[in-house]
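A quick write-up on the structure given underneath.
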Amino acid sequence: MAVITEASLRAMHKTGIPNPFLLEKGDKITPAAADFLKGRGIQVKSFEEQQQQPSTNQTAGAVQEIPLGVSNRHVHLSPADVEKLFGAGHQLTPMRDLSQPGQFACQETVTIVGPKGSIHGVRILGPARGATQVEISRTDGFTLGVHAPVRMSGDIEGTPGLVLVTAKGTVVLDKGVIVAKRHVHMSPADAEQFQVKDGDTLILATQSDRPVIYPDVVVRVHPQFALDFHVDLDEGNAANLKTGDRVKVIGKNGQFYSG
């Protein structure tokens, strides 16, 4: 059961609020949150109610599936922070390729330190990028004492910071710690197949023994992306999922596909 508040809706606003906004069984919505949605022309419905209605937003036909990747905590470093943590001129060392072309897990790791605790051996993902970003789970946040918001990668304004430590250096971040919002990477060809565009949302259903429906998975489209649905470790464990599992596409933009 979840309590939907105006604050939680405002936090979702940057990545889009599905219309209709679906409530799972037992969910509660505050009057202010209901007014927030009404003022933006967004309907509020239950999943049960929505599933009973024929969809006007149907998929091309056969059930479509997307491979899934469970992301553990990790760090993206700017080139300047690579040098602060590993020395001048240091280049990140690829250890294994990731699902997205050109992305790799590095041999290098860091210790992340928050107000309440620290986590050692956090993997760095390469290559270096424009700004340093730390992606943790909600559970990690309790260990560190950091209340990171759910954000899309790269959206770090107003987020908390922490400290990165290696044997050779320290970086104090004043922002950049997020809990990654679940999302699907797609190439333009994939987007055409799934009949979506960048910024749309998909409704995805797991096929595990702890079935879960994700109602608002953000679609990210780029020529360099490969098809992959990303959840963090908390979400993966909650649904008994592992990397390589597949999820079913059962709707998009708040509308379930029919038949």
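Count residues from 1 along the sequence. Every heavy atom of this structure was used, including side-chain atoms; hydrogens, water molecules and symmetry mates were not.
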Do [X] and [Y] have side chains that get closer than 4.5 Å, going by heavy atoms?
| X | Y | result |
| --- | --- | --- |
| Ile136 | Leu144 | yes |
| Asp200 | Phe194 | no |
| Pro149 | Pro160 | yes |
| Pro67 | Arg246 | yes |

Distance-only, no hydrogens or angles: does the [X] side chain make a donor-acceptor pair with backbone N or O of [Y] under 3.5 Å?
| X | Y | answer |
| --- | --- | --- |
| Gln100 | Ala226 | yes |
| Thr206 | Val212 | yes |
| Thr243 | Val70 | yes |
| Thr166 | Leu85 | yes |
| Asp209 | Asn240 | no |
| Ser208 | Leu241 | no |
| Asp198 | Val221 | yes |

Point-to-point distance, once rounded to the nearest 0.5 Å, from CZ of Phe86 to CD1 of Ile124: 3.5 Å
Spatial distance of atom CD (Gln64) from atom CD1 (Ile66) [nearest 0.5 Å]: 8.0 Å
Worked verdict on Arg138 versus His147 for side-chain contact (heavy atoms from CB on, under 4.5 Å): CA-CA 8 Å; Arg138 181 72 169 156; His147 301 291; 4.1 Å; yes
Neighbour count >12 (heavy atoms, 6.0 Å) for atom CD, Gln107: yes
Gln207, CD: over 12 other non-hydrogen atoms inside 6.0 angstrom: yes
Audit row: Glu135, His74, side-chain hydrogen bond (donor to acceptor under 3.5 Å, both in side chains) steps and yes/no: CA-CA 5 Å; Glu135 298 184 29; His74 58 270; 3.2 Å; yes
Residue pair Arg129, Ser153: steps toward the side-chain contact (heavy atoms from CB on, under 4.5 Å) verdict: CA-CA 12 Å; Arg129 56 164 61 176; Ser153 180; 3.3 Å; yes
Residue among Leu227, Val247, Val218, Thr201 satisfying side-chain contact (heavy atoms from CB on, under 4.5 Å) with Val184: Leu227
Worked verdict on Leu164 versus Asp81 for side-chain contact (heavy atoms from CB on, under 4.5 Å): CA-CA 9 Å; Leu164 309 180; Asp81 287 343; 5.6 Å; no
Residue pair Arg182, Asp232: steps toward the side-chain contact (heavy atoms from CB on, under 4.5 Å) verdict: CA-CA 7 Å; Arg182 49 189 175 238; Asp232 71 16; over 6 Å; no
Geometric class of the His222/Phe225 ring pair [parallel <30°, tilted 30-60°, perpendicular >60°]: tilted
Salt bridge (Lys or Arg N to Asp or Glu O under 4.0 Å) between Arg73 and Asp140, worked out: CA-CA 8 Å; Arg73 67 184 76 92; Asp140 292 335; 2.9 Å; yes
For His90, the option from Glu108, Glu83, Lys84 that meets side chain to side chain donor-acceptor pair (under 3.5 Å): Glu108
